[in-house]
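The block underneath contains the structure these notes are about, expressed in C-alpha cells.
Just the heavy atoms: all of them, side chains too, but no hydrogens, waters or symmetry mates, feed the values below.
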Amino acid sequence: MIIAFILYTIILFVVSGVASRRSAGGSFYSAGRRAPWLAVAFGMIGASLSGLTFVSVPGNVYSQNFYYVPLVLGFTIGFVVVAKLLLPLYYKLELTSIYEYLEQRFGAPARTVGAVVFIISRLLGASVRIFIVVVALHALFPDFASVPLLTLGFMLLLFLYTFRGGVKAVIWTDVVQTLFMLAAVVLTIFQVSRLMGCSVFEMSGAVMQSDYSQMFDLRAASPTNMFKQIFAGIFMTVVMTGLDQGNMQKNIACRDLRAAQKNMYLTGVLVVIVSLLFLFLGAILSLFVDSRGGLTAIGASGTDGIFSSVVVGYLPPITGVVFVIGLLSAAYPSAGAALTSLTSSVCVDFLHLDKLGGGDARRAPRVRHFVHALVAVAFVLIIIAFDRWGNQALINFFYQIASYTYGPLLGLFACGLYTKIRVRRWGFAVAAVASPVLSWAFQHFCKTLLHFDCGFFLLIVNGAIMCALLYTFREKSTE
C-alpha cells in the first residue's frame, strides 16, 4: 500500500508539473481563463465529493438508508441556479475574486466580511474532509505514523503540488484523481458483491428489497425530511459552489460564460450519478455488515469506519491498495482546491496582489508562496484539534458546519442581488457574527420546545436572519 501511495503521489506531481509550466502571475488565480469546460466539470466531481464522501456517505447508509438522495436532487437544482443566476454576473464583472462583487455593490467592508466568512468556512469544512481521510489512512497504517504526523505529511504533499501551478494544476490533477476515485468505487462494488457470493446485478436486487433503499423520509420533525433535504441541497450548492471562491475560481477560469454554464449543467448530472454509485456501495456494505453481525463484529467503531474495516478485514490485499488510491483520489481534489482558493482569497481580497505592477509584481510570487504555507499550517493545526473530537458521521457534521458558516454569505449576496439597500459600514461584521449565533438559538428553541429539527435547512434560516440584520442596519437614506 505504501508503494502504491508513493507511485500515485509521483503521478500527481508529474501532472501538476506539466500544468504549472505556464502558470505564472495572474494565471495562478484564473488559469489564464483558458480552462477546458469538460475538464473542469469532470474534475469538479472529485472536488465536490471529497474523501468525506468516499468514507462517510457509504457508511451513513447503515444508519440513514438512502435519505441522502433528496439532498443530491437539491444539489442538481442548485447547479442550475448557479449557472443561470451567478455565473452571468461573475463573467459580466470579469471578477478574479467573486467577493469583488460585494465591494462593488456595498463597499470594501462587505468584501472584507465576505472573504473572512469564506476563509473560516473553507478552513473548517476542508479540515473535516481532510481529517476523515487522515483517520482512514491511520486505520490502514496504525503502526506507520500518528494522526498528527500523517496530517503533516498529507498537507506537505498537498502544498508542494499546488503552490506553483495554482488553479490550472488543480483542474488537471482533479481530472486524474476523479478517474482513480471512480475506478476504486466500481472495483470495490465488484469485490464486495463477490465476497457475498453474488453478482452485482443480484446485489442490486437485494439492495432494492432491503430497508436501506428507502429514499424519502416524510416525518416532518426529522432532520432528514425529504423536503428539508431538497431545499437544503439547493441552497448548499448555491453557497458551497456559487458563493465559494474555491469552486467559482475554476469556473471563471473557463473560456467564456457559455462554457462555464455547460460545466455547471454537466457537473449537476454527474454528481447525481456518482452519489448514487456511492450510496449503492454503502447499501452493499451495510448488507455485508448485517450478515456478519453488526459494526462491532467487523471491528468498526462507527459508521464512518465501515468501508475501511471491510476492505482491511475481508477483501484481498489488492482491494486495500485500490481503497488507498481511491481515498487519496477523493481527498486531494477538494483539499487542493481549498488550499489554492484560500491562498487566492487572501492574496486578492486582502493583499490585492493581482493589481500590483512593476517591482511589486515581481515580489508577489514570494508573498503568495508565504501565504500558501501559512494556510497549510492552519489546516494542520485545525485537523489536529479535530483529532480530539472523534470521527463519527462526519458527513453530517460537515453540513452542520456549512449551515452556520455559509449562512452569512447567502444573506450578503441575496441582499446585494435582490434589494437596493445600503448598509452602514459596521453593520456587515456585526450581522455576520450575530447571524450564526441567532441561528443556533433558533435551532435550540425548535429542538427543545417544538421537538423539531431544522437539519440542514438551518442554512436557509441563517441566510434569512443575515438579510434581516442587514436590513436593520441599513442607511435610512436608501429607503
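Residues F106 and C415 come closest through the heavy atom pair CZ-C, 3.9 Å. Closest heavy-atom contact between I119 and V346: CD1-CG2, 3.9 Å. Minimum interatomic distance between G74 and T237 (heavy atoms only, all atoms of both residues): O-OG1, 4.4 Å. Across G242 and I98, no two heavy atoms sit closer than the pair O-CD1, 3.8 Å. Minimum heavy-atom separation, P88 to Q261: CG-NE2, 3.9 Å. Nearest heavy-atom pair across V423 and L470 is CG2-O, 3.8 Å.
Remark: T472 engages no residue in a side chain to side chain donor-acceptor pair (under 3.5 Å) (not counting sequence neighbours). With sequence neighbours excluded, the residues forming a side-chain contact (heavy atoms from CB on, under 4.5 Å) with V69 are F66, L73, M215, L276, L279, listed by chain and number. Remark: Y101 engages F413 in a ring-ring contact (aromatic ring centres under 6.0 Å, His included) (not counting sequence neighbours). A search for side chain to side chain donor-acceptor pair (under 3.5 Å) contacts involving T224 returns D217, S222, not counting sequence neighbours. With sequence neighbours excluded, the residues satisfying side-chain contact (heavy atoms from CB on, under 4.5 Å) with V430 are W426, F473. Qualifying side chain to side chain donor-acceptor pair (under 3.5 Å) partners for E103, counting only residues two or more places apart in sequence or in other chains: R111. Y62 pairs by the ring-ring contact (aromatic ring centres under 6.0 Å, His included) definition with nothing, not counting sequence neighbours. Take F235 and apply the side-chain contact (heavy atoms from CB on, under 4.5 Å) test, not counting sequence neighbours, and it matches L410, L459, I460. For S435, the side chain to side chain donor-acceptor pair (under 3.5 Å) test picks out N462, with sequence neighbours left out. In this structure L281 satisfies the side-chain contact (heavy atoms from CB on, under 4.5 Å) test together with P58, V185, T188, I189, L285, F307, sequence neighbours excluded.
The number of heavy-atom neighbours closer than 6.0 Å to OH of Y90, taken from other residues, nucleotides and ligands shown, is above 12.
Expressed to the nearest 0.5 Å, how far CG of D349 lies from CD of E100 amounts to 7.0 Å. Note that NZ of K228 and CG of L458 are 10.5 Å apart. Values are rounded to the nearest 0.5 Å. With values rounded to the nearest 0.5 angstrom, L123 atom CG is found 10.0 Å from L339 atom CG. Note that the OG1 atom of T151 and the CD1 atom of I382 stand 12.0 Å from one another [nearest 0.5 Å]. The OH atom of Y99 sits 15.0 Å away from the CD atom of Q104 when rounded to the nearest 0.5 Å. For the atom pair CG of L417 and CG of L85, the computed distance is 5.5 Å after rounding to the nearest 0.5 Å.
Within the structure, the side chain to side chain donor-acceptor pair (under 3.5 Å) test picks out the following pairs touching residues 403-417 (sequence neighbours left out): S121-T405, D244-Y406. Within the structure, salt bridge (Lys or Arg N to Asp or Glu O under 4.0 Å) contacts touching residues 232-241 (residues at least two apart or in different chains) do not occur.
When ring centroids are compared, F79 and Y265 stay outside the 6.0 Å threshold.
A cation-pi arrangement is not found for R122 relative to F118, the charged atom failing to lie both closer than 6.0 Å to the ring centre and inside a 45° cone about the ring normal.
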